[in-house]
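Heads up: the structure comes next, in structure tokens.
In what follows, every chain begins at residue 1, and chains take the letters A, B, ... in the order their sequences are listed.
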Amino acid sequence: MFNKKNIEFLKRAIKHRSFIVGGSMTLLLIFCAFISLFWTPWDPIKQNLLIRHSPPSWEHLLGTDQFGRDIFSVIMAGSQNSISVGLVSVSIGIIFGVSIGLLASTKRGWVEELIMRLCDFMYAFPAILLAIMLVATIGQGSINAMVAIGIFSIPVFARLTRGAANAIWAREYILASRSAGKGLFRITIEHVLPNILSVIIVQATIQFALAILAEAALSFLGLGAQPPTPSWGRMLSEARSMIYLNPWLAVYPGIAIAISVLGLNLLGDGLRDLVDPRLARKR
Amino acid sequence: MSIFLLKRFFTFIVTLLGASLLTFLSLEILPGDPARVILGIDAPQSAVDALRLQLGLDRPMVDRYFDWLAHLLTGRFGVSYTYNVPVMDLIKHRIGITFPLAILSMLLSVLVALILGIYAASRHNKIGDVSVMGLSQLGISIPNFWLALLLILFFAVNLGWFSSGGFVGWDKGFIKSIQSLILPAISLATVQGAILARFTRSAVLETMREDYVRTARAKGLTRRGTLWKHVLRNAMIPVITIMGLQFANLLAGTIIVEEVFAIPGLGRLILQAISNRDITVVRDVVILLAALVVFINFVVDVLYAVIDPRLKPQDV
């Protein structure tokens with residue numbers, strides 16, 4: 001694990017500004033979600049109409065909402081939803097997308113052509129549009145939103161994997177492996193996949209950020225997480241009708257989304273630079 | 001060139017057909033009877049059967065797909081179950097709002113992105129560059145519907161410069177109509193502008209490293225002259241491609257932003273159709289938007305080859 005190459009990578013990583021800032025913000029998001037599993041300052045679901053729209057105080061750091069819930073606690077609990085959506089949808093994208101991309105790259109010919117054309121068909125739809133259509137058809141809710149978002153990251157991973165894998169298949173050591181009698185499947189698992197893993201991880205962080213944004217959008221439209229599950233997108237949706245009465249309700253959840261997405265984007269950028277220093281020099 | 005165009009046109013048609021199949025199937029093979037979905041779970045079976053007959057759901061799926069396709073090709077969209085009017089009539093009213101909104105957003109995002117992108121590239125690794133890149137990173141991370149709320153809060157609630165929502169209608173005059181589209185356009189343009197600014201900066205930096213730019217500078221052309229005469233013309237090629245792809249995102253973005261600003265455009269039509277379970281409207285509007293996206297990509301591909309002769313016909 002701590003071989004020379006990895007230590008060298010870590011040394012470069014701790015000096016990389018984007019990686020460190022993005023990584024810290026992402027860790028904050030994960031920490032928040034983890035802590036909220038066991039503890040939040042107040043119950044994020046329990047309503048207390050007597051203290052509706054309370055201003056920020058030591059007791060309620062960000063004040064309370066229209067149901068008297070502590071906004072800070074709801075935001076903390078909402079991070080769980082964002083993390084779960086990111087994890088599930090990116091996993092769906094990776095499992096299916098990478099497999100399909102590897103299949104296209106290994107088989108080539110009409111299989112590759114067919115898979116790439118199918119990806120093109122999916123690219124014809126702006127992701128959020130088809131996610132909305134799917135969720136509307138299969139029903140609202142967190143799980144369906146995760147599946148819908150995941151489905152639309154499949155072509156992203158498929159294309160990326162196929163492109164990266166094709167480059168690996170052209171290498172001489174692959175030719176040597178084939179001459180040594182290794183099968184296509186074994187070469188894919190032993191040589192191709194490990195060599196394209198870094199590219200996939202970089203894309204995964206970016207897709208994670210996009211998934212958080214997409215889920216927030218679906219929840220904002222009432223198609224994602226349903227009450228009483230705390231969700232940043234739904235908090236913003238509920239804040240719309242309160243904008244004259246308590247404008248801060250529309251500010252805090254947005255900041256939470258922006259920090260999470262910004263963190264993941266910076267982390268993705270940092271990873272990309274670290275994985276491919278040639279790109280860093282170009283940027 | 002004609003072979004290239006033919007090839008591209010063929011891909012365009014195949015992608016359109018694929019997209020239509022995907023739209024049709026996603027609403028057909030998913031669990032649940034569309035008639036039941038429309039009428040709700042409490043509707044009596046007799047009503048569901050009658051609606052199935054009315055919608056032609058008793059016929060084989062393949063027949064219905066080709067019928068739908070033939071209708072689309074002849075411009076005869078379906079009939080909305082909720083409004084009981086042809087979907088085309090609904091679209092006609094709303095596209096006149098959604099399209100200008102998307103174009104206004106595109107213009108805003110291109111204007112801001114080009115200025116910022118070129119400025120950042122010309123100040124590479126200096127404070128100006130770092131600030132622009134930081135701002136663009138922030139712009140990419142902000143959800144457009146949140147920005148829309150913030151704009152309403154600031155410009156409509158606090159300053160009272162704009163209305164907090166709605167569309168006055170083109171008959172009330174061009175200026176007033178544009179005024180009601182300005183805030184939605186800014187909220188849509190910010191994210192797209194941020195992405196485009198980064199691409200513009202990268203493309204300009206990339207081109208600045210080319211040998212012909214160095215030659216132009218060595219021959220005595222000023223830095224500014226080289227930038228305008230040689231760098232920008234070449235750097236715009238990849239930027240145009242991204243612009244095309246972004247227009248698709250802008251169209252999709254209108255769905256949410258129109259909802260926030262209560263603008264009666266195509267996006268709002270889809271959302272209303274979804275909540276009314278009006279599958280005919282959902283299907284027809286989705287395929288229309290998808291067709292627009294495919295068409296824009298096709299035009300961008302062709303433009304790309306026209307602008308950069310090195311790419312045609314074999315490489316594109």
Side-chain angles (χ1 to χ4, degrees), chain A residues 17-18 21-22 25 117-118 120-140 151 209 212-214 216-218 220-223 232-233 236-237 239-240 243-244 247-251 253-255 257-266 269 279 282-283, chain B residues 11 14-19 21-23 26-27 30-32 34 37 133 137-138 140-147 149-150 152-153 156-158 164 198 201-202 205-206 209 245 248-253 255-256 259-260 267 270-271 273-275 277 279 282-283 286 289-291 293-294 297:
Chain A
R17 217 172 16 193
S18 283
V21 176
M25 289 163 98
R117 288 291 80 80
L118 279 174
D120 283 347
F121 298 161
M122 288 182 82
Y123 270 114
F125 299 93
I128 191 72
L129 175 66
L130 223 52
I132 288 173
M133 193 173 82
L134 270 182
V135 171
T137 318
I138 57 180
Q140 303 149 337
I151 287 176
I212 290 180
L213 278 176
L218 287 177
F220 183 80
L221 296 172
L223 300 170
W232 295 339
L236 283 174
S237 175
R240 278 160 67 193
I243 207 154
Y244 287 92
W248 288 104
L249 282 178
V251 175
I255 293 176
I257 299 172
I259 288 177
S260 311
V261 175
L262 182 65
L264 284 158
N265 280 341
L266 287 173
D269 274 3
L279 273 177
K282 276 185 189 174
R283 292 191 320 128
Chain B
T11 314
V14 171
T15 312
L16 262 187
L17 282 174
L21 195 63
L22 206 64
T23 311
S26 57
L27 288 169
L30 288 167
V37 170
M133 284 302 95
Q137 192 66 266
L138 197 67
I140 292 168
S141 311
I142 292 177
N144 53 19
F145 51 91
W146 182 50
L147 183 63
L149 284 177
L150 294 183
I152 291 175
L153 200 61
V157 177
N158 287 343
S164 61
R198 292 175 80 84
R201 174 187 171 271
S202 298
L205 280 178
E206 193 94 352
R209 292 191 190 106
L245 294 173
N249 286 330
L250 278 177
L251 278 175
I255 297 176
I256 305 169
E259 178 65 17
V260 181
I270 288 193
L271 287 177
I274 285 171
S275 60
R277 300 164 178 167
I279 286 177
V282 176
R283 193 174 55 188
V286 166
L289 288 177
V293 172
V294 178
N297 288 347

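Taking chain A as the reference chain and counting heavy-atom pairs below 4.5 Å, the highest number among B/Val14, B/Thr11, B/Val282 is found for B/Val14. Counting heavy-atom pairs closer than 4.5 Å to chain A, the top residue among B/Gly253, B/Ala273, B/Gly18 is B/Gly18. Heavy-atom pairs under 4.5 Å with chain B were tallied for A/Ile259, A/Ile255, A/Leu118; the largest tally goes to A/Ile255. Ranked by non-hydrogen atom pairs under 4.5 Å with chain B, the options A/Gly263, A/Ser260, A/Ala239, A/Pro247 are led by A/Pro247. Top candidate by heavy-atom pairs under 4.5 Å with chain B, chosen from A/Ile257, A/Leu223, A/Val251, is A/Val251. Between chain A and the options B/Leu149, B/Leu251, B/Leu289, heavy-atom pairs under 4.5 Å are most frequent for B/Leu149. Comparing B/Ala291, B/Ala156, B/Ala252, B/Ala19 by heavy-atom pairs within less than 4.5 Å of chain A, the highest count is held by B/Ala19.
The salt bridge (charged side-chain N to carboxylate O under 4.0 Å, His left out) test applied to A/Arg17 returns no partner, not counting sequence neighbours. A search for side-chain contact (heavy atoms from CB on, under 4.5 Å) contacts involving B/Thr23 returns A/Phe125, A/Met133, B/Trp68, B/Arg283, B/Val286, B/Ile287, not counting sequence neighbours.
Separating the CG atom in A/Leu213 from the CD1 atom in B/Ile142 is a distance of 10.5 Å, to the nearest 0.5 Å. One finds the CG atom of A/Asp269 at 5.5 Å from the CZ atom of B/Arg198 (value rounded to the nearest 0.5 Å). For the atom pair B/Gln137 CD and A/Asn265 CG, the distance stands at 5.0 Å (nearest 0.5 Å).
Put simply, the side chain of B/Ser164 reaches to within 4.5 Å of the side chain of A/Tyr244, judged on heavy atoms. A 4.5 Å side-chain heavy-atom check between A/Leu221 and B/Phe145 finds every atom pair outside the cut-off.
With a 4.5 angstrom heavy-atom cutoff, B/Leu271 touches chain A only via side-chain atoms. Contact of B/Leu17 with chain A is not made at all, since no heavy-atom distance falls under 4.5 Å. If you measure heavy-atom distances from A/Ala250 to chain B, the contacts under 4.5 Å come from both the backbone and the side chain. If you measure heavy-atom distances from B/Leu138 to chain A, the contacts under 4.5 Å come from both the backbone and the side chain. Within the 4.5 angstrom heavy-atom criterion, no atom of A/Ile212 approaches chain B.
Closest non-hydrogen pair, A/Arg240 versus B/Glu259, comes out as NH2-O, 3.3 Å. Contact detail for A/Ala217 and B/Ile256: the closest heavy-atom pair is CB-CD1, 3.5 Å.
Judged by distance alone, the side chain of B/Trp146 and the main-chain N or O of A/Gly233 form no donor-acceptor pair under 3.5 Å.
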